[in-house]
Amino acid sequence: MDLRLAVYQLASDYALDAQQTRQLQEVAGFQREPARLAYWLPRGVAVLGAALLGMGLICWVAANWEDLGRMGRFALLQGVFAATCVGAFAVPKARVPLLLLALLAIGGLFAYFGQTYQTGADPWQLFALWAALALPLCLVARSDVLWTPWMLVLATAATLWMQAHAQHSWRIDSADLSIFVSGWLAVLIACAFVSPLLARWTGAGSWALRLGLVLATILITGTAVSALFGGEIESPYWAGLGLLAVAGVLLATRRYFDVFGLSAVALGLNILLVGGLARVLLRGGGDGVGKLVMLGLLAAVLLALTVQGILWRTRREAA
């Protein structure tokens with residue numbers, strides 16, 4: 001129960017007057033400053049300020065496109081990047097927000113470079129290069145403040161790479177299985193890189209890993225479900241189902257357990273299993289309403305079993 005609701009319940013059960021209720025609230029700590037507020041508040045404000053400043057820099061360059069010359073725009077973006085890197089080295093306490101601003105400046109610089117010179121490079125190459133150049137910043141910062149956007153950039157690069165190399169951009173084909181699996185594995189390897197296995201060297205926390213698992217689940221599930229719309233249940237469906245099953249088993253083990261990531265992967269597995277059942281049940285003729293009812297019941301049972309399994313694993317881990 002929420003602590004505040006518990007205090008109100010106690011005041012109601014024992015018919016406490018206003019003064020006694022205030023004393024009970026003081027004992028509960030409602031009048032005290034939240035724990036570690038003085039530690040997290042300035043750091044949170046600094047990170048938010050760096051993110052807004054980086055976004056504002058990109059928007060400001062776009063808004064003053066005609067006023068600034070080509071060299072002026074490049075000098076501004078490169079100057080901000082160089083200044084933030086020097087500042088991060090000179091002021092260790094401000095290292096994380098300054099390096100976050102540097103990471104955003106890299107993205108703005110590549111975006112401007114692509115718009116100015118029209119090199120003909122695929123968009124995935126710019127995102128991949130952005131992720132590669134931002135990797136040293138993340139290793140220096142050793143914080144999820146940088147690892148989380150880095151994971152988003154890398155997943156975007158993998159998605160764009162899959163779209164650029166697939167033979168059929170408008171549908172999923174078994175001939176492109178190696179491309180899909182390569183893109184999925186790239187995101188999953190990035191998840192392993194920011195996992196607790198390498199946290200001693202990377203300094204990554206849980207948020208980058210959780211974001212990576214969510215993005216990987218969305219990418220795999222979306223591709224695998226799309227394969228069901230073909231003439232047959234294509235191999236990308238089975239590959240995606242197997243890959244998510246392996247990820248779910250690993251996340252359920254004691255060493256790699258993470259309830260957030262396990263829940264995301266389990267949801268992806270539920271979607272794929274229900275999609276496969278729908279493909280099998282609705283493929284032929286017969287009573288469509290009865291098949292839909294059966295599918296709904298099976299989906300409800302599967303979801304209930306999944307929730308119970310995750311709760312059981314969580315309680316066991318807590319014990």
When hydrophobic residues are tied together by side-chain contacts of less than 4.5 Å, even through go-betweens, does [X] share a cluster with [Y]?
{"X": "Ile218", "Y": "Leu152", "answer": "no"}
{"X": "Leu48", "Y": "Val96", "answer": "no"}
{"X": "Met151", "Y": "Val140", "answer": "yes"}
{"X": "Leu219", "Y": "Trp238", "answer": "yes"}
{"X": "Val307", "Y": "Leu305", "answer": "no"}

Does [Y] offer a backbone N or O that forms a donor-acceptor pair with the side chain of [X] under 3.5 Å?
{"X": "Tyr237", "Y": "Leu272", "value": "yes"}
{"X": "Gln78", "Y": "Ala75", "value": "no"}
{"X": "Asp258", "Y": "Ser206", "value": "no"}
{"X": "Arg255", "Y": "Leu197", "value": "no"}
{"X": "Trp150", "Y": "Ala208", "value": "no"}

* To do: Before giving the answer on side-chain contact (heavy atoms from CB on, under 4.5 Å), spell out for Leu273 and Leu241 the whole-Å C-alpha distance, their side-chain angles and the decisive distance to 0.1 Å.
  => CA-CA 8 Å; Leu273 290 175; Leu241 186 63; 4.0 Å; yes
Mind listing the closest non-hydrogen atom pair of [X] and [Y] along with its distance?
{"X": "Thr84", "Y": "Ala102", "answer": "OG1-CB, 3.3 Å"}
{"X": "Ala266", "Y": "Thr306", "answer": "CB-CG2, 3.5 Å"}
{"X": "Pro236", "Y": "Leu177", "answer": "CA-CD1, 3.8 Å"}
{"X": "Thr221", "Y": "Ile271", "answer": "CG2-CG2, 3.7 Å"}
{"X": "Ala157", "Y": "Phe127", "answer": "CB-CB, 3.6 Å"}
{"X": "Leu154", "Y": "Ala186", "answer": "CD2-O, 4.3 Å"}

With heavy-atom distances below 4.5 Å as the criterion, would you say the side chains of [X] and [Y] are in contact?
{"X": "Val274", "Y": "Leu298", "value": "no"}
{"X": "Leu209", "Y": "Phe260", "value": "no"}
{"X": "Pro196", "Y": "Tyr256", "value": "no"}
{"X": "Trp312", "Y": "Gln308", "value": "no"}
{"X": "Trp124", "Y": "Met162", "value": "no"}
{"X": "Asp144", "Y": "Leu211", "value": "no"}
{"X": "Leu215", "Y": "Cys191", "value": "no"}
{"X": "Leu98", "Y": "Val86", "value": "no"}

How many angstroms lie between atom [atom1] of [X] and atom [atom2] of [Y], to the nearest 0.5 angstrom?
{"X": "Ile189", "Y": "Leu185", "atom1": "CD1", "atom2": "CG", "answer": "5.5 Å"}
{"X": "Arg316", "Y": "Leu311", "atom1": "CZ", "atom2": "CG", "answer": "15.0 Å"}
{"X": "Leu133", "Y": "Ile106", "atom1": "CG", "atom2": "CD1", "answer": "5.5 Å"}
{"X": "Trp147", "Y": "Cys138", "atom1": "CH2", "atom2": "SG", "answer": "5.0 Å"}
{"X": "Phe180", "Y": "Ser226", "atom1": "CZ", "atom2": "OG", "answer": "8.5 Å"}
{"X": "Leu160", "Y": "Leu126", "atom1": "CG", "atom2": "CG", "answer": "9.5 Å"}

* To do: For residues Trp201 and Phe193, establish whether the separation of their ring centroids is below 6.0 Å.
  => no
* **Cation-pi check, Arg210 onto Trp207 ring (under 6.0 Å, within 45° of axis)** => yes
* Establish, for the pair Arg313 and Phe257, whether the NZ or CZ atom is under 6.0 angstrom from the six-membered ring centre and no further than 45 degrees off its axis. => yes
* **side-chain contact (heavy atoms from CB on, under 4.5 Å), paired with Val265, selected from Ile220, Leu250, Val214, Leu251** => Leu251
